[in-house]
Amino acid sequence: MTLDRRDLLVRTGLLVGAGALAAAGCRSDEEARTAGAAKGLDTWAGVQASFELDRRGAQLSTFLLAPHPRPVRDAIAEHRHRLDADTASYLQDEEERLEAELLQAAAAYLAVAPEELAATGSTTMGLGLLYATLALGPREEIVTTEHDFYSTHEALRLRAEATGAAVRRIRLYVEPATASEDAIVEAIRAAVTPRTRAVALTWVHSSTGVKLPIRAIADALAERDAELGKPPTLVCVDAVHGFGVEPEPLAELGCHFLVSGCHKWLFGPRGTGIVWGRADSWADVRPTIPSFTDRESFQAWLRMREPSAPTSASAFTPGGFHAFEHRWALADAFAFRQEIGRERAAERTRALAGRLKDGLTDIPGLVVRTPLDARLSSGLVCCDVPSATSSPEAFVHELREDHGVIASLTPYATRYLRFGPSIANSEAEVDRALEAVRQLAGR
Ligand SMILES: Cc1ncc(COP(=O)(O)O)c(C=O)c1O
């Protein structure tokens, strides 16, 4: 590949177009909500109409992989059209502006600096990159929990296999429904020893629907580190089932690294994700995949020398060309969410999840496993599969085929029936799911 000067500037991020400064994220929340109202997003029916979901069924598993709302579909179509018409010119003319806009829109939504964000393709990609290189001293360890997903456990197992790094798993609760904030915080605090370099946690457990009190955990760990007189324990969080639901600004969570896909509850383009690191935490990881946007490494390569700068979010951002029509439409997803409003979306999701949990609790013999308390839960709702069923898979199949209710099973050793009511759903869809479970459980 030969690069002309403009290619080079684009690749190395030296060229910042004026357009980048007018990124979607520069609007105030109030301006965004006014724009949203003009598009009908001030009613939940209007938000639901943004999705092309097949409403013959009650789609209660959109968190698995996002259906695209209208602004995201439109943006993808526009970028795809431009790329198909003249790929090279679109890249040369617009790539640096669109890359900057996506980071700006993400940063505005998350209330962090764009320089602290790396764009990835999924949660799993972000976790893999993070845990592959997180700096560990010779006798240091990473503590994780029994409740995390495969992506965290496997990334840590591969790290241990490659480097001999020590990884320890702890349990935070036995019965999810009665999990307690104090007990969770204490379990993590008690697990930290002078050797603990990092804790690898998941914000909302996709195994149970339990939401961890990340801020309280981070505060307790800071205290514990001070008692032990050791460097900070890095708090690393797989945030994917809270991201796009929970309203608090990212920096208020108190973690050091937060990893998320944008293609679940956020309803961003499929195949997008982010890693956020505190400005002073990026030095604790190394890039794995060569970055196309990092000026340091690319410039160093051009000059045939070694890059000397510490890791930045930009250097951590995997390079190679991407499915750009999806990647760049991420800015529109954040703008869409700003137009709906974070608090409003959080309240709506909680209300629907609460309605579902209350209804499931009323079904005789059915045990709801996700805490009823909104402080310890989010949008995910898990319950036992009714015992009269031949298999969990058969139950989910019957829900879909006989009742048009799209649910899922937790992909863990203990299998729960799992729903994820979201801003794309109505109360009627939740009630339909309840009626279906009631009928099937009562056979
Ligand atoms: C907790 C958790 N993390 C990560 C993932 C994977 O997300 P992604 O598809 O963005 O890699 C899942 C499920 O898909 C999950 O439940």
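The structure presented is a predicted model; accordingly, all values stated were derived computationally and were not measured. Side-chain atoms are counted along with the backbone in the values below, which use heavy atoms only and exclude waters and symmetry mates. We count residues from 1, following the sequence as given. Note that ligands are numbered from 1 as they come in the structure, with each ligand's atoms numbered from 1 the same way.
- For the pair R337 and W265, the NZ or CZ position fails the cation-pi test of under 6.0 Å to the six-membered ring centre and within 45 degrees of the ring normal.
- Residues in residues 255-267 take part in no salt bridge (charged side-chain N to carboxylate O under 4.0 Å, His left out) pair, two or more places apart or across chains.
- For the pair E325 and H81, the minimum side-chain heavy-atom distance is 4.5 Å or more.
- Side-chain N/O atoms of H79 and Y90 include a donor and acceptor closer than 3.5 Å.
- Applying the salt bridge (charged side-chain N to carboxylate O under 4.0 Å, His left out) test to every pair with at least one member in residues 426-440, sequence neighbours left out, gives these pairs: R55-E429, R348-E427, R355-D431, E435-R438.
- For A113, the side-chain contact (heavy atoms from CB on, under 4.5 Å) test picks out E115, E116, with sequence neighbours left out.
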Which N or O atoms of ligand 1 sit under 3.5 Å from a protein N or O, and how far apart is each pair?
unit_1   : atom_1 : unit_2 : atom_2 : d
ligand 1 : 3 (N)  : D238   : OD2    : 2.5
ligand 1 : 7 (O)  : T123   : OG1    : 3.2
ligand 1 : 9 (O)  : H263   : NE2    : 3.4
ligand 1 : 10 (O) : T123   : N      : 2.9
ligand 1 : 10 (O) : T123   : OG1    : 2.5
ligand 1 : 10 (O) : H263   : NE2    : 2.7
ligand 1 : 11 (O) : T123   : N      : 3.4
ligand 1 : 11 (O) : T124   : N      : 2.8
ligand 1 : 11 (O) : T124   : OG1    : 2.5
ligand 1 : 14 (O) : K264   : NZ     : 2.8
ligand 1 : 16 (O) : S206   : OG     : 2.6
ligand 1 : 16 (O) : H241   : NE2    : 2.9

